[in-house]
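What follows is a short report on a single structure.
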Number of protein chains: 2
Amino acid sequence: MRRMTARPANTHQARLLRLLRDGGPNSRAQLGDQVDLSRSKLAVEVERLLETGLIVADGLAASRGGRRSHNIRLAPNLRFLGVDIGATSVDVAVTNAELEVLGHINQPMDVREGPVAVFEQVLAMAAKLKASGLAEGFDGAGIGVPGPVRFPEGIPVAPPIMPGWDGFPVREALSQELGCPVMVDNDVNLMATGEQHAGVARSAGDFLCVKIGTGIGCGIVVGGEVYRGTTGSAGDIGHIVAVPDGRPCACGNRGCLEAYFSGAALARDATEAAQQGLSAELANRLETNGSLSAADVAAAAAAGDATALDLIREGGNRTGQVIAGLVSFFNPGLVVIGGGVTGLGHTLLAAIRTQVYRQSLPLATGNLPIVLGELGPAAGVIGAARLISDHLFSPA
Amino acid sequence: MRRMTARPANTHQARLLRLLRDGGPNSRAQLGDQVDLSRSKLAVEVERLLETGLIVADGLAASRGGRRSHNIRLAPNLRFLGVDIGATSVDVAVTNAELEVLGHINQPMDVREGPVAVFEQVLAMAAKLKASGLAEGFDGAGIGVPGPVRFPEGIPVAPPIMPGWDGFPVREALSQELGCPVMVDNDVNLMATGEQHAGVARSAGDFLCVKIGTGIGCGIVVGGEVYRGTTGSAGDIGHIVAVPDGRPCACGNRGCLEAYFSGAALARDATEAAQQGLSAELANRLETNGSLSAADVAAAAAAGDATALDLIREGGNRTGQVIAGLVSFFNPGLVVIGGGVTGLGHTLLAAIRTQVYRQSLPLATGNLPIVLGELGPAAGVIGAARLISDHLFSPA
DNA sequence: CTACTTTCTCCACTCACAGGACAAAGACGG
DNA sequence: CCGTCTTTGTCCTGTGAGTGGAGAAAGTAG
C-alpha cells in the first residue's frame with residue numbers, strides 16, 4: 001500500500017495537523033478558534049490538506065443548535081512505529097496518527113549483540129504487529145537507543161553500553177528497511193517526550209525526567225523542547241560523582257551515582273546481602289531464580305523485607321542527592337521519575353523527595369512536584385511516535 | 001532632552017537595529033546582504049527607522065568601485081545605563097547604542113542596606129556619569145542583582161544574601177526614578193550575557209558561565225538565550241552539596257560548595273591558615289590589613305606562597321567536581337569562569353580543568369573549552385546594557 | 001412557517017513583498 | 001573629456017497571502 005507521501009506545505013498546515021493529533025477530531029469552526037486565522041484562510045488550508053489525504057472529513061457531528069459541522073480528523077489509516085531499545089529488552093508499538101497505542105510488544109534482547117542483530121529482531125516484531133492487522137504499513141518510525149545520539153543524523157556516538165553501535169547510521173539503515181522516514185533519539189529523551197505528550201508532564205514547560213533502569217539518565221525539557229546538549233550527551237547523569245573518592249565504578253572513576261544505584265547496582269547489592277545472610281527473603285529468591293534482579297528487590301520490599309527496603313532507601317537517598325543538585329541548578333517545574341525501577345514505587349520516591357526537599361534551595365523546591373511517570377513502558381514508544389510525528393508534521 | 005520614544009514596529013526593524021548594534025555602521029546594501037529582504041522592502045523599513053530617529057544616515061562611505069553608500073548607524077546620542085549590583089560593590093556604566101562602554105564607575109557598597117539606600121547611591125553614580133558629559137539622559141537601563149529575580153516583573157524573590165530586597169519592585173521603582181525603561185536580571189545571567197555579547201562566548205550556543213565572587217552562581221545559556229528556570233533561580237549552584245555530610249554551611253545544610261569555596265570562604269580559610277602560622281606571607285598581610293580577602297590570597301599565590309596556592313587548588317578542586325557534574329548533565333559547548341576571583345587565574349583554572357576532564361564523560365569533555373572570562377568587571381554592565389537593548393530593540 | 005443560530009463558502013479588497021527597470025554616482029581606461 | 005562598467009539606491013508594478021463581510025446551507029425552537 002502507498003503510505004503517507006505528503007507533508008504540510010506551510011506552518012499553518014503543520015499547526016492544524018498537530019492540533020488534530022493532540023486534540024482529536026474537530027470541526028473547521030473549532031479549529032478556527034484555536035489557530036487565529038480567518039475562516040476563509042482556514043478553509044483553504046483544510047481543503048489543501050484534504051487533497052493531500054493527510055486529513056479526512058468523515059460524517060457530520062451532532063448539531064449544537066445550528067448547522068451540523070463536518071468532522072475533520074487525521075487520516076485513519078496513518079500508522080507510526082515506536083521503538084524503544086533498552087539495554088536488555090525492546091519495546092515496539094504501533095500508533096495511529098493521534099499517537100494512541102494500538103499494539104505493543106516487549107521482548108528480551110541484548111543490545112550488545114549489535115545493530116544488525118537487534119534490527120532483525122525489531123523488524124520481525126514490526127512485521128508481527130503488521131500481520132495482526134493493526135497496520136498495512138508505516139508512515140514513519142521513531143527509535144530510542146540507550147546512549148548519546150548525534151540527533152540530526154540519527155547516529156549513536158560513543159555509547160558506553162553499546163560499543164558496537166558507535167557511528168552506525170541507525171536512521172538511514174532503518175529508513176531503508178522500513179521504507180519510511182525515521183528519527184532517532186536517546187531513550188531517556190523519548191521517555192520525557194512521552195510523558196510530556198500523554199503523561200504527567202502534559203502541562204510542564206521546563207522539567208526533568210529521570211529514568212532509572214539498567215543505568216540512570218535524565219531527559220531535559222526546556223520550554224517544551226528536549227534539550228540534547230552540544231554533542232547529544234546532555235542528561236547523562238549516571239556517572240556524576242555522588243560520593244567523592246567513593247566506590248569504584250565500571251567507568252574507571254570512583255563514586256559515580258551508578259555505582260550506588262541503578263537496576264544493575266541494586267541487583268548486585270541484593271545478591272551480596274542475600275549471600276551474607278542479611279535477608280531470608282532475598283536469599284530465598286536467589287536460590288529459586290539463580291540470580292536477583294531489581295524486580296526481586298521490589299517484590300521483597302513489597303513483602304516487607306527490611307533489607308530490601310533499606311537498599312531501596314539508600315539508593316533513593318544517593319539518587320536524591322544528585323537530583324537535588326540538578327534541581328538547584330536547573331530549577332525545573334516538575335521532576336518525573338521513571339524507568340524499570342518504577343516498581344520500587346513510593347519507597348524510592350519518598351527517599352528521593354526527602355533528599356531533594358532537604359538539600360535544594362527553598363525557592364527551587366517551593367512548588368516542585370516530584371512524581372512517578374504514569375505511562376510506564378509505554379512512555380518510550382509514545383515518545384518515539386511523537387518524535388517522528390513532530391518531524392512529519394513540520395513544513396517540508 | 002527628549003529620549004528615545006520609538007520602538008521598532010516589526011521584526012524586520014528589530015532585526016536591523018540589532019544588526020547595526022552588533023555589527024556597527026553599515027550601508028543599505030550591506031544590510032540587505034544580511035537580512036534576506038528585497039532592497040525595496042529594506043529601503044522602506046530603513047526609511048521608517050530614519051523617521052523615528054532610531055537610526056541616522058550620516059555621510060558617505062568611501063567608494064568601493066561604484067556609487068558611494070550612505071553610512072547607516074544607530075542614533076549616536078542613544079545611551080544605555082548598565083548597573084551591576086554585587087554583594088559588596090556596585091558597577092555603573094554608560095554605553096552607546098552599540099553597547100560600547102563610554103564610562104564605568106565602581107564603588108564599594110553593602111547590598112544589605114536595602115534597595116532604597118543602594119538606589120540612592122546608584123542614582124548618584126549615574127548622575128556623575130551624566131555630569132561628566134557622557135550622556136544627556138538614558139534611553140534604557142539594565143540592572144543586575146545578586147539573587148533570583150522574577151524576570152517578567154523585575155522583582156527579586158527570596159534572595160538569600162539581600163533579604164531586604166524580597167519583593168521590592170526594582171524595575172518599576174528604577175524606571176520611575178530614571179524616567180526610562182528598565183530590565184532586571186540576576187547578576188550571573190548578566191555576566192553570561194556580557195561574555196556572550198562581547199567576550200569569550202561570542203560564538204557559543206549552549207554554555208555555562210560560572211561566577212565566583214562573594215558567592216558562586218552559574219549562568220545557563222541554551223540556544224543563545226539565558227535560561228532562568230521556573231522560578232528564576234536556575235544556576236544557583238552555591239549550595240549544591242559538594243561533600244555529603246561535609247562542613248556546615250551558613251544555609252543550614254552541610255557540605256555546600258560555598259562552604260568550601262567562594263570569595264568569602266577563601267578569605268576565611270586564609271585567615272585561619274595565617275593564624276595557625278602556616279604561612280608567613282598571609283600572616284604578614286593579615287597584620288598589615290587587619291583582615292584578609294580573596295585578593296590577598298591571589299597576591300600571596302602570585303608571590304609563590306605555598307599555602308595560598310594550596311587553598312586555591314583545593315577550592316578549585318571542589319568547584320571543579322561540582323562543575324564536572326553540571327557538564328555531564330548539561331553538555332555545554334563552553335564553560336566560562338569569571339567573577340571576583342578571576343584574579344586567582346590559572347592556578348584556579350587548572351584545578352577546575354583537571355577535575356572536569358577527569359570526572360565528566362569523555363563525549364561531553366571531548367572538545368570542551370574551559371576558559372576565564374575576558375571582560376572582567378565589565379561583563380556585568382555590558383550584559384545589563386545588552387539586556388535592555390534587546391528589550392528595546394524588539395517589536396513594541 | 002418564521003426567527004434565530006451555527007457552519008461553511010465565496011468574493012472583493014488590503015497589504016506585504018519580490019523583482020525588475022532605472023536613476024544616481026563613482027572608478028577607470030582610452 | 002567621454003564612454004563603459006560597477007555599485008548603490010529608488011521607483012513601480014505584479015503576485016499571492018490573508019482579512020472581513022455577505023450570504024448560502026443546514027440545523028433548532030417556537
Side-chain angles (χ1 to χ4, degrees), chain A residues 6-20 23-74 394-396, chain B residues 6-20 23-74 394-396:
Chain A
R7 290 275 291 276
N10 56 45
T11 52
H12 296 313
Q13 296 187 8
R15 180 84 198 286
L16 290 171
L17 292 175
R18 291 178 189 213
L19 276 175
L20 289 171
N26 243 321
S27 70
R28 285 176 176 81
Q30 284 171 307
L31 287 174
D33 292 342
Q34 297 174 72
V35 291
D36 192 41
L37 272 182
S38 66
R39 277 164 316 196
S40 23
K41 178 61 181 162
L42 181 95
V44 170
E45 298 298 351
V46 167
E47 182 54 36
R48 287 183 190 160
L49 283 173
L50 284 169
E51 278 168 22
T52 66
L54 283 170
I55 65 176
V56 296
D58 59 345
L60 295 168
S63 166
R64 302 192 314 170
R67 175 174 171 177
R68 294 169 64 191
S69 61
H70 292 268
N71 249 333
I72 308 283
R73 65 174 70 219
L74 289 166
S394 302
Chain B
R7 290 273 290 277
N10 55 44
T11 51
H12 296 313
Q13 294 186 11
R15 179 87 199 283
L16 290 170
L17 291 175
R18 291 177 189 212
L19 276 175
L20 289 169
N26 244 321
S27 70
R28 284 176 177 81
Q30 285 171 306
L31 287 173
D33 292 342
Q34 298 174 71
V35 291
D36 191 42
L37 273 181
S38 66
R39 276 165 318 194
S40 27
K41 178 61 180 165
L42 181 95
V44 170
E45 298 298 352
V46 167
E47 182 54 35
R48 288 186 191 156
L49 283 173
L50 284 169
E51 279 168 19
T52 66
L54 284 172
I55 64 176
V56 296
D58 59 344
L60 296 169
S63 167
R64 303 191 313 168
R67 175 173 170 178
R68 293 168 65 190
S69 62
H70 293 267
N71 251 331
I72 308 286
R73 65 175 72 223
L74 289 167
S394 303

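We name chains A, B, ... by the order of the sequence lines, and we start the count at 1 in each one.
Side-chain contact between R73(A) and V56(A) is present, with at least one heavy-atom pair separated by less than 4.5 Å. At least one side-chain heavy atom of R18(A) sits under 4.5 Å from a side-chain heavy atom of S394(A). Between L60(A) and H70(A) there is a side-chain heavy-atom pair separated by less than 4.5 Å.
A salt bridge between R48(A) and E51(A) is absent, with no side-chain N of the basic residue lying under 4.0 Å from a carboxylate O of the acidic one.
Side-chain N/O atoms of R67(A) and base N/O atoms of dT6(C) include no donor-acceptor pair closer than 3.5 Å.
The CG atom of L49(B) sits 9.5 Å away from the CD1 atom of I72(B) when rounded to the nearest 0.5 Å. One finds the CZ atom of R39(A) at 10.0 Å from the CG atom of D33(A) (value rounded to the nearest 0.5 Å).
Atom CG of N10(B) is separated from atom P of dC15(C) by 15 Å (rounded to the nearest Å). Note: CD (E47(B)) to P (dC17(C)) measures 17 Å, nearest angstrom. If you take CG of L42(B) and C1' of dA18(C), they are 13 Å apart, rounded to a whole angstrom.
Taking 4.0 Å as the cutoff to heavy atoms of chain B, we find the contact window on DNA chain D bounded by dT6(D) to dC12(D).
Distance alone, capped at 3.5 Å, places no donor-acceptor pair between the Q30(A) side chain and the N26(A) backbone.
Contacts of S69(A) with the nucleic acid, taken as non-hydrogen atoms under 4.0 Å apart, involve only primed sugar atoms and P, OP1 or OP2. At the heavy-atom level, R39(A) lies under 4.0 Å from base atoms of the strands shown. Residue contacts for S63(B): at a heavy-atom cut-off of 4.0 Å it reaches the sugar-phosphate backbone alone, with no base atom in range.
The side chain of K41(B) lies closest to dC17(C), out of dT9(C), dG19(C), dC17(C).
A residue-by-residue look at S27(A) and R68(B) shows that S27(A) has its nearest nucleotide of DNA chain C further toward the 5' end. Residue order along DNA chain D, read from the 5' end via each residue's closest nucleotide, puts R28(B) first among E45(A) and R28(B). Mapped onto DNA chain D by nearest heavy atom, H70(B) and G66(B) fall at different nucleotides, with G66(B) at the one closer to the 5' end.
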